[in-house]
Amino acid sequence: MLVRRQVLAMLGTTALATLAPAALFAATSIKPDDASALLVIDVQNCFLPGGSLAVKEGEQVVPVINKMAKAFANVVMTQDWHTPGHVSFASVHAGKKPFETVDLPYGKQVLWPDHCVQGTDGAALSKDLSIPHAELIIRKGFHKDVDSYSAFLEADGKTSTGLAGYLRGRKIKRVFVAGLATDFCVAWTALDARKAGFEVYVVEDACRGIDTQGSLAKAWADMAKAGVKRIQSGDIAASA
Ligand code: VGL
Ligand code: ZN
């Protein structure tokens, strides 16, 4: 026998589905407002096909991001921007290979192939990005002895890039994060954005991951725990 609660629940579903499909759709579609910013993380040649640290399917994020960016009044882009001989490069650690780790004063550091060296073509933003209204490009990882996956805070956990101050100054409350790579710069940016008090969405189909040693699953778990919302680009209303 159906209990009263179940009958009410069934009626509720039917009534909503038949009477208010438009309202239901509107409730799940997110409309970026003036207090929202899209953060486009590290869509640079080094992370794209042919690059020194190419992310699998990395090029597929570009059209998704270009389309999504049209819905945002505020877009900030980042560039990984390392010195030659940067501490995150395996090439400067004798006997070490890319994707191995090393202990540095600020903690464990994954070692990478040389990538995104300041002023090189590999460090340039993809020429296929089409976001003329992007208002700020923030560079990170430019201190030789400290990495910075996050667009907010370097890997020492204390040196600020200034991004939180910029966003607060622009009265931004919500950030939507997209780009490369999901499990490093996107995730660390999203986690630090939460710590800085922003509402945070990561747009899954506008990101791709590196996925080394379980890093992708761990990143999504850490982000969920921190209250980062995982959405798809189709969840965002089409224009500003
Ligand atoms: C990144 C590894 C090293 C990233 C940057 O953009 O996710 N990953 N440097
Ligand atoms: Zn880097």
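When a ligand or atom number is given, it counts from 1 through the structure's own listing order. All values below were derived from every heavy atom in this structure, side-chain atoms included, with hydrogens, water molecules and symmetry-related copies excluded.
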Electrostatic pair [X]-[Y], nearest N-O below 4.0 angstrom:
X: D80; Y: K140; result: yes
X: R194; Y: E199; result: no
X: R170; Y: E135; result: yes

Using 2.8 Å as a strict upper limit, say whether an N, O or S atom of [X] approaches the Zn ion (ligand 2) that closely.
X: H115; result: yes
X: H86; result: no
X: D147; result: no

Could an N or O of ligand 1 be found under 3.5 Å from any N or O of L180, whether backbone or side chain?
-> yes
Test of proximity, A181 against ligand 1: N or O pairs below 3.5 Å | yes
H115 near ligand 1 by a heavy-atom separation under 4.0 Å | yes
For H82, what is the atom name of its N, O or S atom nearest to the Zn ion (ligand 2)?
-> NE2
Name of the D80 atom (N/O/S only) found closest to the Zn ion (ligand 2) | OD2
[X] and [Y]: aromatic ring centres closer than 6.0 Å?
X: F99; Y: W112; value: yes
X: F47; Y: H115; value: yes
X: F89; Y: H82; value: yes

Can you tell me if N74 uses its side chain to pair, donor with acceptor, with the backbone of D34 under 3.5 Å?
-> yes
For D114, does its backbone N or O pair with a side-chain atom of S52 as donor and acceptor, under 3.5 Å?
-> yes
Heavy-atom nearest neighbour in the protein, as seen from [atom], with distance rounded to 0.1 Å:
atom: atom 6 (O) of ligand 1; value: D42 OD2, 2.7 Å
atom: atom 4 (C) of ligand 1; value: C185 SG, 2.7 Å
atom: atom 2 (C) of ligand 1; value: W112 CE2, 3.4 Å

Judged by heavy atoms only, the candidate from I41, V43, D80 nearest atom 9 (N) of ligand 1 is D80
